[in-house]
J.: 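What follows is a structure written as structure tokens; I'll ask about it next.
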Amino acid sequence: MSPTIPPSPPDGDQREPRLSSRGGWEAFLLPPRLTPRMNDQAHDDDLDLLAPAKGSADELLDANAHDDPLDPMRHSAAHVMAEAVLELFPGTKLGIGPAIDGGFYYDFEVARPLTPEDLAAIEERMRASIAADHPFVRKEWDPDEGRTFLAAKGQSYKVEILDDLRTAAGLKGEKPPVVTTYQHGPFIDLCRGPHVPSTGRIGPFRLLSVAGAYWRGREDRPMLQRIYGTVWSTQEELDTYLWRREEARKRDHRRLGVALDLFSFHDVSPGSAFWHPKGQRLWRTLEGAMREVQEARGYQEISTPILVHRKLWEQSGHWDHYAENMFRVEAEGQTFSLKPMNCPESTYIYRSRVRSYRDLPLRFSEYGRLHRNERSGALSGLTRVRHFVQDDAHIYVRPDQLGDEIRALLGEVSTTYAWFGLSPRFAFATRPEKALGDPAVWERAEGLILAALRDAGVDFVINPGDGTFYAPKIDIYIDDALGRQWQLATIQADLMMLPERFDLHYVDEEGRPQRPIAIHRAIYGSLERFIGILVEHFGGAFPFWCAPVQAVVVPIADRHNEAGAELAEVLRARGIRVEVDDSSNRMNYKIRAAQEQKIPYMLVLGDREVAARAAAPRTRSGEQQEPLGWEALADRLAAEAAARRPD
RNA sequence: GCCGACAUAGCUCAGUGGUAGAGCAGCUGUUUCGUAAACAGCAGGUCCUCGGUUCAAAUCCGAGUGUCGGCUCCA
């Protein structure tokens with residue numbers, strides 16, 4: 001990271017900064033985000049998008065949820081904020097104001113839209129309330145009285161919440177619930193608590209942003225104004241939190257993508273990246289490494305059309321379930337669509353000849369360009385795009401081969417993630433209530449997947465009922481250097497979607513047609529999204545093996561430029577991605593420039609080195625190494641690249 | 001899609017109705033330098049687009065486009 005960052009952040013948080021193996025400062029772990037954002041997109045989810053919108057991540061992540069001891073204080077801060085907003089904007093209706101990781105929010109219906117400028121005034125009122133040290137007073141209400149009270153105050157959303165609580169209790173045959181309010185100073189709110197004893201216990205805070213949020217997250221309900229804030233028990237913790245936010249901002253892939261000249265976005269194609277030469281080099285390196293694994297495992301790469309007639313999508317079910325996400329193209333009175341997934345087309349290749357039981361498993365990989373019409377408001381850098389490429393594959397197996405194949409795929413995951421130092425976490429999602437096909441087939445497939453997971457010796461969570469309607473699946477998550485969770489890989493054992501809808505079969509030993517199982521798998525997921533995650537995980541300092549520029553030759557003076565070019569040729573001949581900085585700048589400047597580009601090695605060439613046909617390597621962590629002969633250097637770098645170590 | 005904010009040089013950003021600015025990057029020249037910024041000069045603009053108000057618009061108003069923060073971590 002840039003040296004302008006303070007070498008150590010304020011104390012007060014148990015998560016200390018650590019010097020990474022690459023020598024740069026790792027950002028602190030952000031408070032773990034325990035539930036995925038609604039917008040988190042699993043490009044790799046394949047046919048899952050035909051399934052109901054509820055993602056699988058919730059349960060996996062909920063399993064790790066915990067109650068933060070700061071929650072009562074955070075929730076109390078939300079009340080104090082609501083007090084301030086009510087004072088400044090009389091007539092405001094309150095939505096909900098929960099504690100969240102690292103802070104709190106409150107949703108309001110205000111007469112005029114709130115702007116970031118309002119936050120300072122709200123903060124000021126909050127400080128006054130905290131200074132007044134109002135006690136929080138709990139009061140129990142008879143539900144009817146409580147309802148009357150809230151209705152009289154015009155708090156219709158609170159009334160709705162109360163009514164829902166009563167309805168829920170009624171459905172369960174329970175008595176109407178006791179309703180509680182909490183009051184501090186002039187402010188009283190329907191609330192189940194708990195709170196801190198008084199407002200003076202609320203620690204240092206900061207209001208962060210204002211945003212729109214639908215009431216109860218439903219688009220058919222009113223849009224409320226949400227204010228996010230953060231609050232901690234000490235100033236040091238608050239400073240640390242804000243420092244971390246700033247760190248995260250600095251390694252935002254959208255920012256680094258420009259700074260490192262990897263990619264850009266333009267309004268002529270929203271949601272689709274333009275890949276610059278360095279970004280494309282990174283891409284090809286990642287893709288090449290994956291292809292190597294696939295070739296070793298007997299995959300066969302295919303390529304299918306991007307523009308496909310609607311009748312295919314009618315057959316696959318996309319036209320009914322996914323149409324609004326597909327880009328339509330009209331030509332000569334016919335309707336086509338840009339493909340949002342590769343899978344249906346791979347069946348055409350499967351069916352292009354009669355398949356024998358001896359042909360299976362058939363592993364078709366495809367790096368197809370996919371387009372999905374994401375809503376404009378959902379687009380975000382490389383993580384939420386309209387055009388992307390997956391390291392996709394469809395593997396057709398006999399039922400008796402499923403277990404071995406899954407086991408092998410888990411091996412692919414650990415091989416691949418080790419290149420980046422990422423630790424995969426696994427979640428096994430089983431048959432949902434509404435599922436296609438024979439429950440006995442499901443059970444058998446689930447048993448095989450479970451056995452494969454156990455054989456692989458990995459820890460995993462089971463999410464009962466969380467599979468797609470056509471497939472039990474394994475979803476694979478990673479935590480990045482900022483402590484954020486991402487779903488990357490998915491392995492789905494499709495028992496009926498492709499096999500049934502496209503009427504796939506193979507001929508068994510007795511000459512009878514049988515249904516294969518189709519495994520959908522993607523390990524990076526979408527290359528776009530994976531690269532975005534890598535940029536942020538490494539803060540742009542990519543592992544040597546995949547760095548777009550692996551080394552820069554730094555001639556000390558112009559008279560060393562010629563030798564520099566020769567050295568570069570020697571290294572290029574060995575496949576090293578190397579550049580020569582033959583500008584007229586001073587060496588210090590060249591080194592600084594290379595540091596800022598996070599280039600793993602700077603190879604310094606002065607009189608001594610040129611005389612010895614050597615170069616003095618300097619790593620981006622600042623380590624100066626002994627000069628090394630050109631050939632020895634080339635050997636070493638080539639070996640390092642081949643090793644694909646995550647540093 | 002919806003709510004809000006933002007859009008000025010390649011990048012980061014100043015500029016509140018009256019001559020379009022800085023730093024970095026770029027180019028040219030001088031410097032030939034030993035591990036994170038040599039010096040000087042030059043060049044660089046559809047102030048996102050379209051329309052409106054005004055004697056006058058980067059600035060005010062409207063529409064469009066794009067980007068950013070969000071859109072149940074549930075009283």
Side-chain angles (χ1 to χ4, degrees), chain A residues 2-4 33-39 58 61-62 65 68 71 74-75 94-105 107 113-118 146 150 155 157-165 177 179-182 189-193 208-228 252 254-255 258-259 261 264-271 324 374-381 554-561 584-596 602 604-609 616-620 622-625:
Chain A
S2 151
T4 58
R33 181 158 203 139
L34 294 168
T35 25
R37 291 186 298 183
M38 167 184 173
N39 283 351
D58 298 66
L61 301 163
D62 280 352
D68 193 310
D71 278 355
R74 290 179 170 153
H75 185 48
L94 303 172
I96 59 167
I100 57 176
D101 282 344
F104 58 92
Y105 68 78
D107 289 343
L114 297 170
T115 67
E117 286 71 49
D118 295 322
L150 292 168
Q155 292 297 348
Y157 296 108
K158 296 293 185 186
V159 170
E160 183 180 328
I161 290 169
L162 199 158
D163 287 345
D164 284 357
L165 289 172
V179 170
T180 57
T181 58
Y182 280 80
D189 192 9
L190 175 72
C191 176
R192 82 178 153 192
L208 298 172
S209 61
V210 51
Y214 292 106
W215 170 238
R216 301 201 148 171
R218 284 172 45 176
E219 297 183 16
D220 55 346
R221 305 302 307 272
M223 173 69 69
L224 306 181
Q225 308 277 319
R226 173 173 298 179
I227 300 177
Y228 284 95
D252 187 311
R254 293 166 297 198
R255 196 183 162 80
V258 174
D261 198 17
S264 53
F265 285 90
H266 302 277
D267 60 4
V268 290
S269 187
E324 64 181 31
E374 302 290 346
R375 310 151 107 201
S376 58
L379 300 177
S380 178
V554 177
I556 288 177
D558 285 354
R559 64 177 177 280
H560 309 120
N561 281 353
S584 67
N585 291 306
R586 296 173 58 196
M587 182 193 61
N588 274 354
Y589 185 95
K590 296 179 183 181
I591 285 175
R592 181 183 152 84
Q595 285 291 149
E596 286 189 334
M602 287 142 257
V604 176
L605 275 186
D607 290 335
R608 297 197 292 273
E609 287 79 11
R618 178 196 205 275
T619 68
R620 62 187 159 192
E623 184 196 351
Q624 287 178 47
Q625 301 176 345

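What you see is a predicted model, and the numbers here were worked out from it, not measured in a lab.
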J.: Over how many whole Å does the gap from A:Ile161 atom CD1 to B:A75 atom P extend?
T.: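 Going from CD1 in A:Ile161 over to P in B:A75 covers 8 Å.
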J.: For the pair made of CZ in A:Arg218 and P in B:G70, what is the distance, rounded to whole Å?
T.: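 These atoms are roughly 24 Å apart.
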J.: For A:Ala99, check side-chain contact (heavy atoms from CB on, under 4.5 Å) against everything at least two apart and list the hits.
T.: A:Asp71, A:Arg74, A:His75
J.: Grab the CZ-P distance between A:Arg216 and B:C71 for me, whole Å please.
T.: 17 Å
J.: Can you tell me the base-pairing partner of B:C24? Count Watson-Crick or G-U wobble geometry only, both distances below 3.5 Å, and say none if there is no partner.
T.: B:G10
J.: Pick the P atom in B:A40 and in B:C50, then give their distance to the nearest Å.
T.: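 The same atom, P, in both gives a distance of 40 Å.
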J.: Less than 4.0 angstrom between a side-chain N/O of A:Arg618 and OP1 or OP2 of B:A36, yes or no?
T.: yes
J.: Without swapping roles, check the side chain of A:Gln225 against the backbone of A:Val210 for a donor-acceptor pair under 3.5 Å.
T.: no
J.: Rounding to a whole Å, what distance do you find between A:Glu596:CD and B:C24:C1'?
T.: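 Going from CD in A:Glu596 over to C1' in B:C24 covers 10 Å.
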J.: If we take the C1' atom in both B:U54 and B:C68, what is their distance in whole Å?
T.: 33 Å
J.: Check every strand shown and say whether A:Gly146 touches a base, only sugar-phosphate, or nothing at a heavy-atom separation below 4.0 Å.
T.: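 If one applies the 4.0 Å heavy-atom cut-off, A:Gly146 turns out to touch nothing in the nucleic acid.
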J.: Does OP1 or OP2 of B:C73 have a side-chain N or O of A:Tyr228 closer than 4.0 Å?
T.: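 The answer is no; no side-chain N or O of A:Tyr228 sits under 4.0 Å from OP1 or OP2.
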J.: Using modelled atom types and a 3.5 Å cut-off, is there a donor and acceptor pairing between side-chain atoms of A:Lys590 and backbone atoms of A:Pro555?
T.: yes
J.: Taking the P atom of each, how far is B:A5 from B:G62, in whole Å?
T.: 11 Å
J.: What integer number of Å spans the P atoms of B:G44 and B:C39?
T.: 24 Å
J.: Quantified in whole Å, what is the P atom distance between nucleotide B:G52 and nucleotide B:U59?
T.: 14 Å
J.: Going by salt bridge (Lys or Arg N to Asp or Glu O under 4.0 Å), name the residues that satisfy it together with A:Arg586, two or more places apart in sequence or in a different chain.
T.: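 Result, salt bridge (Lys or Arg N to Asp or Glu O under 4.0 Å) vs A:Arg586: none returned.
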J.: With C1' as the reference atom in both, quote the distance from B:A57 to B:C47 in angstrom, rounded to an integer.
T.: 11 Å
J.: Please give the nucleotide sitting opposite B:G17 as a Watson-Crick or G-U wobble pair, both distances under 3.5 Å, or none.
T.: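 Its partner is none (no Watson-Crick or G-U wobble pair with both distances under 3.5 Å).
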J.: Side chain of A:Gln225 only, please: which of B:G66, B:A5, B:C3 is the nearest?
T.: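 Among the listed nucleotides, the one closest to the side chain of A:Gln225 is B:C3.
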J.: Round to a whole Å and report the spacing from CE of A:Met602 to C1' of B:U35.
T.: 9 Å
J.: Scan A:Tyr157 against the nucleic acid and name what it touches under 4.0 Å (heavy atoms): base, sugar-phosphate only, or nothing.
T.: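 A:Tyr157: no heavy atom of the nucleic acid under 4.0 Å.
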J.: For B:A43, give the paired nucleotide (Watson-Crick: N1-N3 plus N6-O4 or O6-N4; G-U: N1-O2 and O6-N3; both under 3.5 Å), or none.
T.: none
J.: Let me know, please, whether A:Gly381 or A:Leu224 comes out on the 5' side of the other along RNA chain B by nearest nucleotide.
T.: A:Leu224
J.: Once side-chain contact (heavy atoms from CB on, under 4.5 Å) is applied, do any residues pair with A:Leu379, and if so which ones, sequence neighbours excluded?
T.: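 Per chain and number, A:Leu379 pairs via side-chain contact (heavy atoms from CB on, under 4.5 Å) with A:Pro270, A:Glu374, A:Arg386.
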J.: Would you say A:Arg592 places a side-chain N or O within less than 4.0 Å of OP1 or OP2 belonging to B:A37?
T.: no
J.: Please identify each residue that fulfils side-chain contact (heavy atoms from CB on, under 4.5 Å) with A:Ala259, with sequence neighbours left out.
T.: none
J.: Rounding to an integer number of angstrom, what distance separates B:C71 and B:U8 when you compare their C1' atoms?
T.: 31 Å
J.: Any base atoms under 4.0 Å from A:Leu94, or only sugar-phosphate, or nothing? Heavy atoms, all strands.
T.: nothing
J.: Rounded to whole angstrom, note down the C1' distance from B:A38 over to B:G70.
T.: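 Per the computed distance, 47 Å lies between those C1' atoms.
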J.: Which listed nucleotide (B:A36, B:U35, B:A75) is nearest to the side chain of A:Gln595?
T.: B:A36
J.: Out of B:G4, B:A75, B:U65, which has the shortest distance to the side chain of A:Leu165?
T.: B:A75
J.: Under a 3.5 Å cut-off for both distances, is B:A38 Watson-Crick or wobble paired, and to whom?
T.: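 When the pairing criteria are applied, B:U30 turns out to be the nucleotide that pairs with B:A38.
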J.: Between A:Glu596 (side chain only) and A:Ala593 (backbone N and O only), is there a donor and an acceptor less than 3.5 Å apart?
T.: no
J.: Can you spot which of A:Leu150, A:Val159, A:Ile96 makes a side chain to side chain contact (heavy atoms under 4.5 Å, CB included) with A:Leu190?
T.: A:Leu150
J.: Please state how far atom CD1 in A:Ile227 lies from atom C1' in B:A5, giving the value in whole angstrom units.
T.: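 After rounding, the reported distance stands at 14 Å.
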J.: Tell me the interatomic distance from A:Leu379, atom CG, to B:C2, atom C1', rounded to whole angstroms.
T.: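 Whole-Å distance recorded here is 14 Å.
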J.: Report the C-alpha distance between A:Glu160 and A:Arg218 in whole Å, list the side-chain angles of each, state the deciding distance to 0.1 Å, and finish with yes or no for salt bridge (Lys or Arg N to Asp or Glu O under 4.0 Å).
T.: CA-CA 14 Å; A:Glu160 183 180 328; A:Arg218 284 172 45 176; over 6 Å; no
J.: Considering residues at least two apart in sequence or located in another chain, which fulfil the side-chain contact (heavy atoms from CB on, under 4.5 Å) criterion with A:Glu623?
T.: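 Testing A:Glu623 for side-chain contact (heavy atoms from CB on, under 4.5 Å), a comparison that skips the adjacent residues, returns A:Thr619, A:Ser621, A:Gln625.
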J.: For every nucleotide of nucleotides 27-34 of chain B, 5' to 3': is a protein heavy atom under 4.0 Å from its base (B), only from its sugar-phosphate (S), or from neither (-)?
T.: ----BBBB
J.: Using Watson-Crick or G-U wobble geometry with both distances below 3.5 Å, tell me the partner of B:C2, or none.
T.: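 Checking every strand shown, B:C2 finds its partner in B:G70, with both distances under 3.5 Å.
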J.: Let me know, please, whether A:Lys158 or A:Glu117 comes out on the 5' side of the other along RNA chain B by nearest nucleotide.
T.: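 Mapping each residue to its closest nucleotide by heavy atoms, the 5'-most match is A:Glu117.
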J.: Expressed in angstrom and rounded to an integer, what is the separation of A:Asp252 atom CG from B:U67 atom P?
T.: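 Rounded to the whole Å, the gap is 14 Å.
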J.: Touch check for A:Ile96, heavy atoms < 4.0 angstrom, all strands: base, sugar-phosphate only, or nothing?
T.: sugar-phosphate
J.: Is there a Watson-Crick or G-U wobble partner for B:A63 with both distances under 3.5 Å, and if so, which one is it?
T.: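 Pair assignment: B:A63 / B:U49.
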